[in-house]
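Sequence lines set the chain letters: A, B, ... in the order given, protein chains first and strands last, and positions in each chain run from 1.
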Amino acid sequence: MSDPATKKTFPLDSDILLQGILEHTPAFIYIKDLQGRYILTSRRSELVFNIKNEDIQGKTPHEVLPKEIADIFEEHDQVVIATDCVQEFEETFYRPGHPPFTLLTVLFPLRRATGESYAVCGISTDITARKQAEFAEHEQRTLAEALADTAAILNSTLDINEVLDRILTNVERVVPHDAAAILLVGEDRKTAHVARHKGHSGSREFQPLLSVQIPLEDVRRSNDLPRWMKAEGMEWVKSIAEAPIVFDDQLIGYIYLVSAAPNFFQPAQIERLRAFANQASIAIRNARLYEQAQELAALKERQRLAREMHDAVSQSLFSATVMAETLPRIWDRNPEAVKEGLVELQKLTRGALAEMRNLLVELRPKALINADLGDLIRQLADGLAGRTQVDVELKLEGRRPLPAEVQTAFFRVAQETLNNIVKHARASRVFITFNNQPQGVSLFIRDNGCGFDAARLPPDRLGLKILQERAAAIGADLKIDSHPDEGTAVSLHWENPQPQERV
Amino acid sequence: MSPTRKQESIRVLLVDDHDMVRRGLSVFLQAFEDLELVGEARDGLEALSLCELLKPDVIIMDMVMPRMNGVEATGMIAKKYPEIRIIAITSFEDDQMVKAALQAGATSYLHKNVSIDELGEAIRKAWAGIPTLSTEATRALIHSATTPTNTGLTSRELEVLRLMVAGQNNPEIAAALGVSRSTIKTHVSNILAKLGVSSRLEAVKFALERHLFA
């Protein structure tokens with residue numbers, strides 16, 4: 001304020017001038033001595049710090065201001081004193097229970113005529129509003145990006161776990177936390193379980209809660225933490241944010257964010273979490289619809305098979321009836337033909353019976369899981385012998401229960417293979433071996449039919465792709481060996497990963 | 001084949017994709033001295049080539065078969081060998097199939113619940129040019145004769161109805177036929193009025209029940 005140029009044109013009293021400026025400037029201006037004591041402060045500082053100017057004079061920031069603010073002021077003063085030149089700082093103050101505020105501060109040393117510094121002057125402008133707007137915009141953009149990213153994965157996959165994992169990753173970009181989890185309500189609607197989880201800071205995770213069925217009443221929010229969060233090993237959790245996942249007005253789960261710091265989450269953050277909960281709801285809805293569609297397709301396929309087998313049964317019974325009516329008429333004339341006919345009649349009725357049983361398996365899938373696999377394969381073989389003139393040789397070894405999915409895969413592969421023989425192979429002999437041992441299960445089916453050239457067959461013909469998929473689903477090894485006019489051999493082998501354990 | 005066949009026995013060709021049905025019928029033919037099995041075919045194509053080779057008197061023809069079905073084979077054989085009589089036989093109850101088989105030139109239509117005496121008699125009659133119909137086939141024919149299939153729909157309306165049956169909605173039908181949605185809306189309400197039904201679903205049901213697009 002002692003600019004010689006100004007003094008030349010106007011004879012101003014620099015003290016009065018200074019007082020006027022300090023009284024009316026919207027900026028927060030202060031002068032401190034080198035010990036950090038306030039010498040002069042502008043009126044504005046009363047509004048910023050809520051302290052009367054008179055109470056500030058002669059005191060250090062630590063004596064009049066909260067520690068969080070005083071620390072920053074003193075640190076910056078020291079920088080100016082040490083460098084002895086003008087500095088600019090953006091000073092943001094966070095205090096519990098207060099909204100953060102930001103000052104744009106210019107600090108410079110005041111010098112005597114001799115050039116040595118005797119005080120530090122600061123001019124600060126409150127830029128909190130601008131900062132908040134910038135921050136809000138940034139947050140909105142991050143939120144939008146995170147939601148868009150989840151939406152993209154929603155559209156590209158039906159793998160529910162992939163989507164839920166991506167949701168947890170994206171939540172982290174928007175709402176900071178130590179660990180996150182998605183809890184899904186079970187079909188019984190009485191319990192829930194941690195479907196996906198993600199820890200963001202070291203060992204702080206949901207480990208103790210995995211593979212635990214949590215009673216639904218422990219999930220509902222109590223006064224502080226829901227009861228399930230108080231499980232052993234979860235003591236580190238001090239605050240949570242939760243958003244319900246709702247689908248068709250029904251609660252299907254929650255997204256949880258947890259923090260080791262108490263009172264960590266803000267209401268606005270919980271609001272954002274809800275957007276992700278909505279996305280989770282869509283993902284779960286999509287996955288369930290897909291599952292239903294697949295079930296429907298499987299049901300349709302079963303019904304088609306059932307119709308086909310019903311047809312097979314009625315053909316066999318027609319033939320059996322015709323034979324039963326005919327044989328007595330030719331008894332005297334051709335006893336040899338009658339003997340042959342009786343053997344065939346027996347095969348026909350046995351075949352029709354087997355087809356009926358196979359039909360029951362199609363209509364009651366539980367029958368497929370509960371029966372012995374060897375018996376089921378015998379049933380399929382009998383059905384084949386009954387409805388064709390194919391000579392079927394069957395060797396069965398070993399009886400032991402198998403995992404449902406293994407049982408189903410073997411049955412379907414055998415069924416599909418025998419169907420292919422009926423429809424395409426024009427075989428006269430079929431040889432089937434089935435061996436069910438503790439170490440593993442093997443099925444081998446060979447026919448002497450027309451065979452095919454695998455290289456010239458479209459990949460989805462004959463349901464070969466389906467056979468491969470069924471085998472792959474249980475980690476079994478499927479081999480199909482065929483050449484034109486040399487028949488076809490199909491072998492399926494499943495290695496039991498736990499040969500000692502009872503399954 | 002029994003060696004004691006009379007010269008004037010009726011020569012029969014069996015056409016059925018089920019091995020066991022052919023086997024049963026071949027045993028059946030042994031019961032009647034005037035019937036002679038001359039060959040077996042597994043589908044319509046095989047039947048066609050055996051007709052040329054064997055010149056049978058009567059064919060017992062299954063309807064549902066791979067490669068070439070019974071109706072198709074009947075049509076081709078009846079055209080090429082009008083002297084061969086064809087007995088259609090099936091295990092399915094399908095009104096449309098009865099009509100189609102008879103239109104294609106089958107003399108008789110039987111179901112796979114026929115007794116061997118009835119079947120033997122049907123073969124003899126067919127050979128003499130006299131048709132035999134199973135009870136089910138007769139019922140099917142009466143049903144289709146008494147059910148008006150002339151719906152009074154224009155060819156455009158029939159086209160729209162066909163797409164409705166295929167499960168398409170108005171916008172899809174409009175796109176498929178290259179006209180506006182409101183045109184389709186008009187067509188649909190005309191169809192409902194002409195068929196005397198009150199909803200799309202009923203119209204589709206009507207079409208399916210009467211096999212309008214079989």
If you count heavy-atom pairs under 4.5 Å with chain B, which of A:K423, A:E344, A:M323 comes out on top? A:E344
Heavy-atom proximity to chain B below 4.5 Å, by part of A:K347: side chain
Among the options A:T321, A:L327, A:T388, pick out the one with the most heavy-atom pairs lying under 4.5 Å from chain B. A:T388
Has B:R124 got more than 12 heavy atoms of other residues, nucleotides or ligands less than 6.0 Å from its CZ? yes
Just wondering, are more than 12 heavy atoms of other shown residues or ligands nearer than 6.0 Å to CZ in B:R22? yes
When the 4.5 angstrom heavy-atom criterion is applied to A:L317 and chain B, the contacting part is neither
If I measure from the heavy atoms of chain A, does B:V64 come under 4.5 Å with its side chain, its backbone, both, or neither? neither
To check you understand the geometry: which heavy-atom pair defines the closest contact between A:R329 and B:A31, and what is its length? CB-CB, 4.1 Å
Kindly compute the distance separating OG (A:S316) from NE2 (B:H18), expressed to the nearest 0.5 Å. 7.5 Å
More than 12 heavy atoms of other residues, nucleotides or ligands under 6.0 Å from CZ of A:R350: yes or no? no
With chain A as the partner chain, list the residues of residues 66-76 of chain B whose heavy atoms fall under 4.5 Å from it, by residue number, and write 'none' if nothing qualifies. B:R67
I need the residue from B:V27, B:I116, B:V21 with the largest number of non-hydrogen atom pairs under 4.5 Å to chain A. B:I116
Output for pair (B:R23 CZ, A:L345 CG), nearest 0.5 Å, gives 11.5 Å
Sequence neighbours left out, what passes salt bridge (charged side-chain N to carboxylate O under 4.0 Å, His left out) with A:E393? Give chain and number order. A:R429
Between CG on residue B:D62 and CD on residue A:Q315, distance to nearest 0.5 Å: 6.0 Å
Could you tell me whether A:Q346 atom CD has more than 12 heavy atoms of other residues or ligands within 6.0 Å of it? no
Which bit of B:S26 comes within less than 4.5 Å of chain A, counting heavy atoms only: side chain, backbone, both or neither? neither
Nearest 0.5 Å, what's the CZ-CD distance between B:F28 and A:E325? 9.5 Å
Bottom line for A:A352: the part with an atom under 4.5 Å from chain B's heavy atoms is neither
Which atom of B:Q30 lies closest to which atom of A:N334, heavy atoms considered: OE1-ND2, 3.8 Å
Tell me whether A:K339 at atom NZ has more than 12 heavy atoms from other residues, nucleotides or ligands lying less than 6.0 Å away. no
Under the criterion side-chain contact (heavy atoms from CB on, under 4.5 Å), which of B:N113, B:D16, B:I89 is the partner of A:F318? B:I89
Tell me if a side-chain donor or acceptor on B:S91 pairs with a main-chain N or O of A:S314 at a distance below 3.5 Å. no
